[in-house]
Amino acid sequence: MMPFDFIRPANAAEAVAAHGAEGEPRYLAGGQSLLGALKLRLAQPSLLIDVARLPELRAVRRQGDAVVVGASVTHAEMAVLTDIPALAELAGSIGDLQVRNMGTLGGSLANNDPAGDPAAAVLGLGATIRTDRREIAADDFFLGMFETALEPGELIVEVSYPLPSRAGYAKLRNPASGYPVVGVFVAETASGVRVAVTGAGACVFRLPDFERALGREFSGKALAGLSVPSDDLNRDLHATAEYRAHLIGVMAARAVERCG
Amino acid sequence: MHLSLTINGKPVEAEVEPRTLLVTLLRDHLGLTGSHVGCDTGQCGACTVHLDGRAVKSCLILAVQAEGRQVLTIEGVASGETLHPVQEAFRDRHALQCGFCTPGMVMTALDLVEHLDRPDEEAIRQGLAGNLCRCTGYRPIVEAVGDGIRARTGAAS
Ligand SMILES: Cc1cc2nc3c(=O)[nH]c(=O)nc-3n(C[C@H](O)[C@H](O)[C@H](O)COP(=O)(O)OP(=O)(O)OC[C@H]3O[C@@H](n4cnc5c(N)ncnc54)[C@H](O)[C@@H]3O)c2cc1C
Ligand code: FES
Ligand code: FES
């Protein structure tokens, strides 16, 4: 790791102000993705700004028909929230115990790994990401591989998940890392059925055909005959693009079954 | 940077560079060599310690992230010559061979024994997913964690 400075601001406003510094400042939450990047020198920040303990980023609350989760809430803390069982189950499926005890919601969303689990729930539930300066709809947040709508220095403060009438998540776990080879989140929400896929493409994406089919009949059977073209899907040592395309159908049907 | 934290119940003051890993502070600065470095990439769990009571990988945490917090390492688990019941369970079940993974396994086991309410094999195996062992085949480790959970909850075996 190259040397860097480190500060722990007392509140979100101080953190954002600190990000205005010269050089290459970077927020640090759980460090479960960033530290690996620092060791490989893929990232060489001049300053790390610790946001893991910021009080505004640590809260969880119910607000009307939504549950609002702070960006620095850990996956382990999210796994025991009872408001949206599928969300808790998803958080509990991430990586391993030690990673869940450190890794956070905000770090995961800002990182936007193509196989990030939390992104599937954010897009699948049609959540809203609140930052220090604005609100970003899930549909506008995930732009591409490791790329989001966040501006330089923009801090994720919290995520507001509208409560669905039902929701389910199914993933084929990479046995070594825990990351989804393919993960599908299905939700019946006030604005209709939403289906979000992670692990298969450059970043999380929706499946309009699957949503329409489930809108007509909410059952795994309704998906029979639907397929996803493999052209733009990921291919790597874990799975071919064709296998991922197949898995999307299988995981979507399983996610529907889990909706109960 | 100046750093104050609690390690194995004792207050510790240290001077570190911000890029110092927690495991480097423990092993190289403080001589607590029980936490092992198997991979240095967050895969193997040999470096597992507790931060405020939860298992974490000390090779994937900066020492400065532990400022003001409670760190428990394998050195702080036994009381004097008396092993912790989970360590006893590892010995009874032959849950170690070469022992390289064992400090990390025990630290993860302690988190699981504290937080799982039943000795469910599937849940224990999932809980151990972040710790690799090249020797035992895991079965005796799973059994030792089950013993620990039964001892804590009083559940029949
Ligand atoms: C062994 C292993 C297995 C894993 N398995 C999985 C898995 O199965 N599924 C999965 O989804 N993930 C997995 N992960 C990744 C893990 O979930 C990380 O927790 C997550 O990707 C990043 O969260 P973090 O809090 O550690 O962020 P950090 O590593 O601290 O930061 C990541 C990025 O986010 C930025 N950032 C952090 N907080 C904010 C904020 N509030 N606002 C704006 N930017 C911010 C940082 O600047 C950095 O660029 C795994 C990681 C490891 C090491
Ligand atoms: S040395 Fe930390 S996980 Fe392997
Ligand atoms: S006992 Fe040798 S690696 Fe586990």
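Each chain gets a letter, A, B and so on, in the order the sequences are listed, and its residues count up from 1.
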* **Residue A:Leu48 versus chain B: region with a heavy atom under 4.5 Å** => side chain
* **chain B contact via A:Leu28 - side chain, backbone, both or neither, heavy atoms under 4.5 Å** => side chain
Only pairs of heavy atoms separated by less than 4.5 Å count here; which of [options] has the most with chain A?
| options | result |
| --- | --- |
| B:Val56, B:Leu60, B:Asn131 | B:Leu60 |
| B:Arg69, B:Met107, B:His115 | B:Arg69 |
| B:Gln65, B:Gln43, B:Glu67 | B:Gln65 |
| B:Leu128, B:Thr41, B:Thr20, B:Thr48 | B:Thr48 |
| B:Leu21, B:Asp40, B:Thr108 | B:Asp40 |

* Asked: A:Val99 versus B:Lys57: any side-chain heavy-atom pair under 4.5 Å?
  -> yes
* **Most contacts with chain B, counted as non-hydrogen pairs under 4.5 angstrom, among A:Gly36, A:Ser177, A:Gly30, A:Gly92** => A:Gly30
* Selection from A:Lys39, A:Met2, A:Met102 maximising heavy-atom pairs under 4.5 Å formed with chain B -> A:Lys39
* Asked: What is the distance from atom CD1 of A:Ile7 to atom CE of B:Met1, rounded to the nearest 0.5 Å?
  -> 9.5 Å
Can you name the nearest heavy-atom pair linking [X] to [Y], along with the distance?
| X | Y | result |
| --- | --- | --- |
| A:Leu35 | B:Leu62 | CD2-N, 3.9 Å |
| A:Phe4 | B:Pro18 | O-CG, 3.2 Å |
| A:Pro3 | B:Glu17 | CB-OE1, 4.2 Å |

* Any donor-acceptor pair under 3.5 Å linking the side chain of A:Asp96 with the backbone of B:Ala129? -> no
Enclosure of [X] [atom1] (heavy-atom neighbours >12, cutoff 6.0 Å):
| X | atom1 | result |
| --- | --- | --- |
| B:Glu13 | CD | yes |
| A:Arg173 | CZ | yes |
| B:Arg91 | CZ | no |
| A:Tyr243 | OH | no |

* Is a side-chain donor-acceptor pair under 3.5 Å present for A:Gln98 with B:Asp111? -> no
* Please step through side-chain contact (heavy atoms from CB on, under 4.5 Å) for the pair A:Leu97 and B:Arg54, ending with a clear verdict. => CA-CA 9 Å; A:Leu97 178 73; B:Arg54 298 306 310 256; 3.8 Å; yes
